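Heavy-atom basis, side chains included; hydrogens, waters and symmetry copies ignored. In what follows, chains are A, B, ... by sequence order, proteins preceding strands, each numbered from 1. Because the structure is a prediction, the values reported are computed rather than measured.
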There are 4 protein chains.
Amino acid sequence: MKRKIYHKSTFEKTSRERQIKVYWAAISVFSQKGYEAASVQDIAQKAGISVGSLYSYFSSKEDLFKAIAEMGYAVLEQIVTEWNPQKEDSFRSAMTTLFRMTLEYSRKYPDLSKLYLLLTTDSLNPFSEQLSKEMEISFRSAYAHLLENAREKGELRSDIDLEMAGYFIDNAAVMLQFSQTSKYYQNRLRQYLGLSEDEEMPDDRIVSALVNYICDGLTHEEK
Amino acid sequence: MKRKIYHKSTFEKTSRERQIKVYWAAISVFSQKGYEAASVQDIAQKAGISVGSLYSYFSSKEDLFKAIAEMGYAVLEQIVTEWNPQKEDSFRSAMTTLFRMTLEYSRKYPDLSKLYLLLTTDSLNPFSEQLSKEMEISFRSAYAHLLENAREKGELRSDIDLEMAGYFIDNAAVMLQFSQTSKYYQNRLRQYLGLSEDEEMPDDRIVSALVNYICDGLTHEEK
Amino acid sequence: MKRKIYHKSTFEKTSRERQIKVYWAAISVFSQKGYEAASVQDIAQKAGISVGSLYSYFSSKEDLFKAIAEMGYAVLEQIVTEWNPQKEDSFRSAMTTLFRMTLEYSRKYPDLSKLYLLLTTDSLNPFSEQLSKEMEISFRSAYAHLLENAREKGELRSDIDLEMAGYFIDNAAVMLQFSQTSKYYQNRLRQYLGLSEDEEMPDDRIVSALVNYICDGLTHEEK
Amino acid sequence: MKRKIYHKSTFEKTSRERQIKVYWAAISVFSQKGYEAASVQDIAQKAGISVGSLYSYFSSKEDLFKAIAEMGYAVLEQIVTEWNPQKEDSFRSAMTTLFRMTLEYSRKYPDLSKLYLLLTTDSLNPFSEQLSKEMEISFRSAYAHLLENAREKGELRSDIDLEMAGYFIDNAAVMLQFSQTSKYYQNRLRQYLGLSEDEEMPDDRIVSALVNYICDGLTHEEK
DNA sequence: AATGAATGAGCCTTCATTCAT
DNA sequence: AATGAATGAAGGCTCATTCAT
């Protein structure tokens, strides 16, 4: 997975500390306001540096955004790596881990999580199409391996469309992430669960329900 | 479901034709460019009216957007109404209809579909939070009725968390819509299915796989 | 001589008064500071209008400059037309008129005159080459006619290179204009004439000397 | 001819090589882009030194430009010295040499030549007025000597205004230089001569025509 | 003495909003 | 009621100049 480089060489020469401040500020502002509404001034200010410096690191707002986007993908890949379901784990437990990690990740990195939403929901940034093509996130192959393994172990139904199954699992994970990241999807989940705005999310209930549906479906098995 | 009114009273006095042109132009521009990048000039021009007129109908860009948002919800509600699964239909066939309609809707109204994406993704518009609270879309209750009915008919497992089930179904529908609406999610689906960019979407395969997973899950029923 | 149009259609709709204020301000600022150093803000302010208005008339600083340039050429052409030496006039008197008019013009329109200098001396504006090609000022053919006529009337030496002669006359006129327009060339003339900075220009002496040199040369005719 | 010093004392301590690189770079960049558009960064880079160093040699962009300007004048003076028409040479041959040298110089040092254009054309640089006063180029006295000598030898008409004559000769030389240096004046010469853009300049024709006009004028000597 | 990263004022341009016609 | 020209604040970006290393 080759990542493009969107910063100028100057950026690599700055202190790690400064780099991090810049990334942090950019992620924070972009994710809160979106690409268009975010202002370079804001980002510089939040990072505690001058606009001139920012432009000596990145040659345009666009490039800064793309650099941040790359970071978002990088974190995602890290998660897949960390997930790494073992062969001997049951499919069910792998799913449970996946959803638990998804919840954990979206809470640990709310800004990056929001950024992912921004990236995947076009029209907020003018290069979404370009970016979407460059994204070739490792989840797909992780799912593929997991499913093949499960089939070999006889855990899966024999009539399963494996490719669609991967897509289906991913959907569930993505929507779970959205429900932590976007106010709208969070409200929606609360409404479905009949929760008020200040009640805590019943993580266990959510995860186990998801796992159940994915593994067993909603209806009785056809006889 | 009370809808707030975001237009000035003047708007109601104009011809229906003019109203529609305004709505259509606003939806088109907002959905293509996003809230920030859309310009009031563009919208007025596309609607074939003057900026002054537009401002005599809506007191700000914000209000115009909100009015459009309301319209988006209205269309959604219309769909639920149209869906209206009959008591005697099986749960499985109700699901099939739901997903077929979702596909059909996202293709028939790509702009509105994109608008929904904008509305639900914070930071794509500055009032997402406010809007998300006002949205109380009828799908939830439609799902609830459907599920209760299915349970009564003995179609559902007995251990199902009904509330989460509604949420789960909705997720599947939303992601299906996204896969038609956002370049990113479309590419992603193609990648999962191993399709090239110019191959047609295999609707039947997608719908039936989704229905299968939702109804039967991925694994063998536990004995 | 087709002139390109560099303004937006909006400009034509404004009051003549406003148009003139804009032209005047632009000529004044551009000629005093040069293209790069002139600021759009300055021009708008000097014209007593808002920057936004200026941009509704011209789509860029570049276009505004080009529009002004066109005006400069237009005035030049007007001068040639006005000059219009009669067939029965002697070559000598036509030259006298030419230089008198040149002096008069450079004093009446000092800004336009300076602008011409700017236009013809590259590297001050990034489009000089383009502009220089579009300029096809009528002086050349006016000189050609004048010289042919003079030759037919037997006023000219027979060995004269007519084409170079036109160029030679034009040079004299251009340098005369420069000597009114550029501080440097003005100082230079004063130094040659031994004048202090506050002494008035001896127009008659200058014109008659020029005419003499051009008509009779500096040396005795070779026998 | 006292020349002002515009560099800091540090500049004198650097290697001659470094000094020359700086001058060369500055001349090149200033002459190609003009004062405003030239950037200090560009110059430093082209000279192969750091911006910091440049500022340790010259205290501002302005001073750097003025230093370069001084150099331009210095070269001009060198040319006058080199010209140095001998007493025994005829006026005609001195003129021929002058124009030949002018052509040669403008081609050998196109950048310096362009710089001269910049210096003499106000508003291309913000200090033209100041500079023009400091310029007191030796050509004037060279012309004066030449003309006096020619008059003594009886080569000149007796009614000649000697001061204006010097100015007249200089004009011809300056315009000849411009025609090599500025795209506009080059095109203009080509148009007068009916040359296409890729035809070579007919140096001999140009020089001899100029000499003829200057010496003999355009018309028959009055009887 | 040399370097080049850092600064921030200032420039060109856009666009939501107002208001005279 | 409708128009669209006018406004000016704000945004992205550049570059002369400084200063820590």
Under 4.0 Å, heavy atoms only, any strand: does [X] hit a base, just the sugar-phosphate, or nothing?
X     : result
D:K13 : nothing
A:T10 : sugar-phosphate
C:A44 : nothing
B:S39 : sugar-phosphate

Parallel, tilted or perpendicular: which describes the rings of D:F11 and D:F58, with under 30° parallel and over 60° perpendicular?
-> tilted
What is the ring orientation for A:F65 with A:Y35, classed by angle as parallel under 30°, tilted 30 to 60°, or perpendicular over 60°?
-> perpendicular
Tell me which nucleotide among [options] gets nearest to the side chain of [X].
X     : options              : result
D:Q41 : F:dA6, E:dA16, E:dA6 : E:dA6
B:Y55 : F:dA2, E:dA2, E:dT18 : E:dT18
A:S50 : F:dT7, F:dT17, E:dG8 : E:dG8

Atom [atom1] of [X] and atom [atom2] of [N]: how far apart are they, to the nearest Å?
X     : N      : atom1 : atom2 : value
C:L64 : E:dT13 : CG    : P     : 10 Å
D:Y35 : F:dC15 : OH    : C1'   : 12 Å
B:Q45 : F:dA2  : CD    : P     : 18 Å
C:H7  : F:dA5  : NE2   : P     : 13 Å
C:F58 : E:dC12 : CZ    : P     : 15 Å
C:E12 : F:dG4  : CD    : P     : 16 Å
A:Y57 : E:dG4  : OH    : P     : 15 Å
D:K33 : F:dA16 : NZ    : P     : 11 Å

Comparing C:S59 and A:G48 on DNA chain E - which has the more 5′ nearest nucleotide | A:G48
Where the side chain of D:S28 meets the backbone of D:W24, is there a donor-acceptor pair that is under 3.5 Å apart?
-> no
So, does A:K4 use its side chain to make a donor-acceptor pair with the main chain of A:E70 at under 3.5 Å?
->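 Not at all, since once roles are kept as given, no pair shorter than 3.5 Å links the two residues.
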Comparing A:V51 and B:I49 on DNA chain F - which has the more 5′ nearest nucleotide =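 Checking each residue's closest nucleotide, the 5'-ward one belongs to B:I49.
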Sorted by position of nearest nucleotide on DNA chain F, 5' first, the leading residue of C:T14 and D:V40 is C:T14
Taking any strand in view, what nucleotide pairs with E:dA1 in a Watson-Crick or G-U wobble way, both distances under 3.5 Å?
-> none
With both distances under 3.5 angstrom, what nucleotide forms a Watson-Crick or G-U wobble pair with E:dA16?
->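 With both distances under 3.5 Å, E:dA16 matches F:dT7.
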Once you round to the nearest 0.5 Å, how far does CD of D:Q45 lie from OG of D:S39?
->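 Rounded to the nearest 0.5 Å, the CD-OG separation comes out at 8.5 Å.
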Is any side-chain nitrogen or oxygen of A:R18 closer than 4.0 Å to OP1 or OP2 of E:dA6?
->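 True: A:R18 side-chain N/O within range (under 4.0 Å) of E:dA6 OP1/OP2.
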Counting only side-chain N and O atoms of B:S53, is one of them less than 4.0 Å from OP1 or OP2 of F:dT3?
-> yes
When D:R18, D:E12, D:Q19, D:K8 are each screened for side chain to side chain donor-acceptor pair (under 3.5 Å) with D:Y57, the one that passes is D:R18
